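Worksheet: the structure to be examined is printed underneath.
None of the values given here were measured: they were computed from a predicted structure. Excluded from the calculations below are hydrogen atoms, water molecules and symmetry mates; all remaining heavy atoms, backbone and side chain alike, are included.
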Amino acid sequence: MLDVTAANEIADDARVRANVVRLAAAQALTGANSAVIFATGAIVGATLAPDMSFATVPISMYVVGLAAGTLPTGAISRRFGRRAAFVIGTGLGALTGLLGSFAILHGSFALFCLATFLGGLYGAVAQSYRFAAADGASAAYRPKAVSWVMAGGVFAGVLGPQLVQWTMDVWQPYLFAFSFLVQTAVALVAMGIVAGVDMPKPAPADLHGGRPLLTIVTQPRFIAAALCGVIAYPMMNLVMTSAPLAMKMCGLSVSDSNFGIQWHIVAMYGPSFFTGALIARFGAPKIVAAGLLLEAGAATIGLSGLTAMHFWATLIVLGVGWNFAFIGASALVLETHRPQERNKVQAFNDFLVFGMMAIGSFSSGQLLANFGWSAVNLVVFPPVLLGLAVLSLVSWARRRQARLEAAMGEFLDAV
């Protein structure tokens with residue numbers, strides 16, 4: 001019986017490995033598409049928008065798409081399987097490129113915002129790649145599967161900005177119009193890749209059962225985890241969204257901003273290979289705290305100067321801080337729910353995060369246009385301090401409860 005079980009696990013892992021290769025490639029291509037939007041969105045927005053304060057609205061619409069697409073992606077995956085959701089997502093990615101190019105050629109700010117919204121829907125589908133990689137895998141192989149798919153984000157950080165660099169001037173004077181057309185081709189390649197993914201049917205436990213959502217999300221542990229995620233991701237997005245336009249306003253070149261975004265994305269995903277090991281060794285709260293402090297450190301660098309090196313250092317440190325804080329916060333969320341509750345709890349957490357990201361994106365344009373780059377960086381500090389305070393309070397209460405339970409156990413044993 002044990003031999004049969006072991007053989008089944010080996011067969012499952014062989015199938016999962018094939019999926020991981022495809023999903024890692026899809027992650028790289030999807031990440032490249034989002035990198036194009038982040039590298040160009042504020043600059044194109046400043047060109048097409050009726051007012052400079054609306055320059056970051058296209059990126060905000062991308063984030064709104066992320067929030068709006070989270071729940072439908074889960075619903076489609078549960079009803080028709082993950083592969084169907086993946087194919088639909090890549091189709092939206094191809095439409096993003098076509099509509100974005102058309103909007104730039106015709107000078108339509110509204111159409112460009114619609115294009116980036118569709119790109120956000122595509123990004124929402126891509127958020128599930130790392131979870132899909134572990135479907136059906138043995139317990140021993142799951143961490144490796146997730147790590148390899150996350151590694152695709154590193155390649156996205158290189159591919160996306162380079163794609164912009166190679167294509168941005170092809171259709172002069174329409175800057176970036178050809179870049180979006182090439183993005184369509186990249187999304188179609190990704191569609192061909194994800195169409196071959198072999199996904200198991202959802203387990204019955206994933207479809208129903210568990211405690212009411214309100215009971216779960218009112219736990220202090222969940223509140224701390226969700227709050228830290230809501231701070232880590234939107235604060236990173238706030239600074240990253242503004243950086244390319246701020247660099248342009250400071251007289252730096254598009255090549256300089258492409259380079260900064262490229263290494264920012266590499267810094268976001270590169271640490272994923274060892275973040276899990278750090279969490280296992282030191283605990284998720286400490287890694288979250290380190291990430292939040294790094295985000296504050298990035299804002300400090302941003303306040304210290306306006307050279308290309310200052311912007312690059314800000315974006316790189318910001319990326320590493322996001323990795324630690326967001327992955328650590330995600331690990332904390334996983335501790336707050338049972339297996340049959342994971343879909344609704346994770347979806348609710350992601351909805352909170354991406355909803356706050358949208359607010360941060362809209363705010364960044366107003367902050368940058370009206371108060372400058374320094375104001376964007378200063379806004380980071382209060383939320384980070386709040387997150388550290390709540391995280392410390394909940395961790396202290398948890399340790400105190402554990403000591404009380406241990407003391408009570410010793411007392412009962414003595415009696």
For this session: Count the heavy atoms of every other residue, nucleotide or ligand shown that sit under 6.0 Å from CZ of F381, and state whether that count exceeds 12.
Result: yes
Problem set entry | Distance, nearest 0.5 Å, that separates OG1 of T314 from CE of M247 | 9.5 Å
Exercise. Okay, side chain of W322, backbone of E295: is any donor-acceptor separation there less than 3.5 Å?
Worked result: no
For this session: List the steps, then state whether side-chain contact (heavy atoms from CB on, under 4.5 Å) holds for M61 with L114.
Result: CA-CA 7 Å; M61 293 304 298; L114 177 58; over 6 Å; no
For this session: Give a yes or no on whether F109 atom CZ has more than 12 heavy-atom contacts from other residues, nucleotides or ligands under 6.0 Å away.
Result: yes
Exercise. In terms of the angle between their ring planes, are W263 and F259 parallel, tilted or perpendicular, with boundaries placed at 30° and 60°?
Worked result: tilted
Exercise. In a check of side chain to side chain contact (heavy atoms under 4.5 Å, CB included) between F86 and each of V194, T30, I76, T73, which one passes?
Worked result: V194
For this session: Using atom types as modelled and distance alone, determine if a side-chain donor or acceptor of S101 lies under 3.5 Å from a backbone N or O of G97.
Result: no
Exercise. If you measure from CG on L306 to CH2 on W373, what distance do you get to the nearest 0.5 Å?
Worked result: 9.0 Å
Problem set entry | Heavy-atom pair with the smallest gap, counting every atom of I327 and S272 | CD1-OG, 3.8 Å
Problem set entry | K248 vs V254 side-chain heavy atoms within contact, under 4.5 Å | no
Problem set entry | I104 vs F112, side-chain contact (heavy atoms from CB on, under 4.5 Å): CA-CA, chis, key distance, verdict | CA-CA 7 Å; I104 294 171; F112 188 70; 4.1 Å; yes
Problem set entry | Test log, rule side-chain contact (heavy atoms from CB on, under 4.5 Å), inputs F180 and I37 | CA-CA 9 Å; F180 277 86; I37 292 174; 4.3 Å; yes
Exercise. How close do A195 and V87 get, heavy atom to heavy atom, and via which atoms?
Worked result: CA-CG2, 4.2 Å
Exercise. Less than 4.5 Å apart, any side-chain heavy atom of Y122 and any of Y62?
Worked result: no
Exercise. Is the closest side-chain heavy-atom distance between R281 and K286 below 4.5 Å?
Worked result: no
Exercise. Can you find a heavy atom in the side chain of S60 that is under 4.5 Å from one in the side chain of V63?
Worked result: no
For this session: State, yes or no, whether a side-chain contact exists between L368 and M249 at a heavy-atom distance under 4.5 Å.
Result: yes
Exercise. Going from OH on Y129 to CG on L23, what distance comes out if it is rounded to the nearest 0.5 angstrom?
Worked result: 7.5 Å
For this session: Hey, could you give me the CH2/CG distance between W396 and L391, rounded to the nearest 0.5 Å?
Result: 14.5 Å
Exercise. Going by atom types alone, do Q165 and S255 pair a side-chain donor with an acceptor below 3.5 Å?
Worked result: yes
Problem set entry | Shortest non-hydrogen separation from G229 to A329 and the atoms involved | N-CB, 3.7 Å
Exercise. So, N323 and T275: side-chain donor and acceptor under 3.5 Å apart, yes or no?
Worked result: yes
Problem set entry | Interatomic spacing from CZ in F38 to NE2 in H264 - rounded to 0.5 Å | 8.0 Å
Problem set entry | Step-by-step side-chain contact (heavy atoms from CB on, under 4.5 Å) determination, D256 to F311 | CA-CA 9 Å; D256 287 333; F311 280 103; over 6 Å; no
Exercise. Which atom pair, heavy atoms only, marks the closest approach of R221 to L332?
Worked result: NH2-CD2, 3.4 Å
For this session: For residues T70 and F351, determine if any side-chain heavy atom of one lies less than 4.5 Å from a side-chain heavy atom of the other.
Result: no
Problem set entry | Flag, side chain of S34 to backbone of G31, donor-acceptor distance under 3.5 Å | yes
Problem set entry | N/O donor-acceptor pair under 3.5 Å between T96 side chain and G119 backbone | yes
Exercise. Which residues satisfy the side-chain hydrogen bond (donor to acceptor under 3.5 Å, both in side chains) test with S330, sequence neighbours excluded?
Worked result: none
Exercise. Is any side-chain heavy atom of P58 closer than 4.5 Å to a side-chain heavy atom of V44?
Worked result: no
Exercise. Is a side-chain donor or acceptor of T241 paired with a backbone partner of L238 at a separation under 3.5 angstrom?
Worked result: no
Seminar exercise, completed: Here the pair of heavy atoms bringing S395 nearest to P285 is OG-CB, 3.7 Å
Exercise. Do side-chain atoms of T90 reach the backbone of G93 as a donor and acceptor pair under 3.5 angstrom?
Worked result: no
Exercise. Side chain of R83, backbone of V197: donor and acceptor closer than 3.5 Å?
Worked result: yes
Exercise. Taking all atoms of both residues into account, what is the closest heavy-atom pair of L245 and A46, and its distance?
Worked result: CD1-CB, 4.0 Å
Problem set entry | Side-chain heavy-atom pair V379, L367 within 4.5 angstrom cut-off | yes
Exercise. About how many Å separate CE of M240 and CD1 of I265, when rounded to the nearest 0.5 Å?
Worked result: 7.0 Å
Exercise. Under 3.5 Å, side chain of T184 to main-chain N/O of A94, donor-acceptor pair present?
Worked result: yes
